[in-house]
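One structure is given here, and the rest of the page talks about it.
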Amino acid sequence: METPDFVFKGIQNSPEHVKTAWQSPSNIAIVKYWGKIGDQIPANASLSLTLDACHTRTEVSCRKRESGEKQQINFFFEGKEAPEFGQKSFSFIQKIRGFQPFLQDYHLTIKTENSFPHSSGIASSASGMSALALCFMSLEDELAGGYDDEFFFRKASFLARIGSGSASRSIYGKTTVWGEHHDFIQSSNLYAVPHRENVHPVFDSFNDVILLIHEGSKSISSTAGHAALNHHPFAESRYREAGVNMGLLKNILAAGDVAAFGELAEREALMLHALMMAGPQPFILMKPNTLAVITAVQEFRKQTQTPVYFTLDAGANVHILFPDEVREKVLNFIEGELVVYCENKQYICDRVGNGPVKQQL
Ligand code: PMV
């Protein structure tokens, strides 16, 4: 589908009030998206695992605006009015206006909360923007008189992408691809697609324990990080490498090759951070404890032959990846050896999840 296919086609119903809520998860990329073209078009395709425990719950209440009334948009974060958080939602609404012009006809009250601590350094944009996009799609669905699921979720992913690229992938459970790639036939730069066929069941229940290494905000936003690729000496080779890794990962997922999966995840994570450190204005998001964890994981793997691997996001936290069969052993290792590197000993036990859930109101 092309961009014009997502323009709202017309109103069937015009309710005075609509209230809708969605819970949407975060995701962790195995092949990373880093670098974009124009308005949120990825420079390379990416593949992620959708998480479960780390999620955002968003409720949107819409009240029809009388003509002449100024539109009100009120934003509550974790129960308190939070205009500073509302700014992101507000600019998102401006950006998607062309695709959902009816949003201007309503006063909006947006209430949102995260399952993870706000200052944990876990990116909330993927879960937050996907939850908001789904709420807006539920409103559109009501106005348009009902969509089929395929279009509903595809447009939700399209809208979420405009808010935050990685959010496009949170719309679907399990394994998700965003960005055109010849090995993934349905893939698109405009929205993510679920990658369900030929995925070995070992990846359906994969674990991701997120070690919270550093609380507080990052020294550089992901927007600035993506922009750094525009004048980066290694950009072209990175995009080529990401394309190759997508092809490899497709085969690895089909074969259920956990070792190859983990090695690829680690290479991608280190390449992401190497790009940050080798750009025209270098920056470092890892902390000493990030490196201490990486070293400990690799050492433990070597000594015990346990299939445990790491990946990183654009931050200092470390995601520990492992299959269910070694869960107890790895959790003991984390408690015994890794927790000392976490800020306030905090970590979150997450795993692959089934995607967003519409909330009963
Ligand atoms: O969605 P953004 O713009 O916050 O970018 C996310 C970038 C990474 O998390 C580093 C990688 C990815 O693909 O999720």
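Counting convention: from 1, in listed order, for ligands and their atoms alike.
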Does even one non-hydrogen atom of Gln40 get within less than 4.0 Å of ligand 1?
no
Going by the angle between their ring planes, with limits at 30° and 60°, are [X] and [Y] parallel, tilted or perpendicular?
X: His232; Y: Phe234; value: tilted
X: Phe99; Y: Phe158; value: perpendicular
X: Phe333; Y: Phe300; value: parallel

For Phe76, I'd like to know if atom CZ has over 12 heavy atoms of other residues, nucleotides or ligands within 6.0 Å.
yes
Any N or O of [X] closer than 3.5 Å to N or O of ligand 1:
X: Asn27; result: no
X: Ser164; result: yes
X: Trp34; result: no
X: Asp313; result: yes
X: Lys36; result: no

Sequence neighbours excluded, the answer for side-chain contact (heavy atoms from CB on, under 4.5 Å) partners of Glu197 is none
Counting each atom of ligand 1 from 1 as listed, which ones have a heavy atom of [X] under 4.0 Å away?
X: His226; answer: 2 (P), 3 (O), 5 (O)
X: Ser222; answer: 2 (P), 3 (O), 4 (O)
X: Arg169; answer: 12 (C), 13 (O), 14 (O)

Asp324 and Asn207 side chains, donor-acceptor separation under 3.5 Å:
yes
Could you tabulate the donor-acceptor pairs under 3.5 Å formed by side-chain atoms of residues 6-13, not counting sequence neighbours?
residue: Lys9; atom: NZ; partner: Asp5; partner atom: O; Å: 3.1
residue: Lys9; atom: NZ; partner: Val7; partner atom: O; Å: 3.1
residue: Asn13; atom: ND2; partner: Glu142; partner atom: O; Å: 2.7

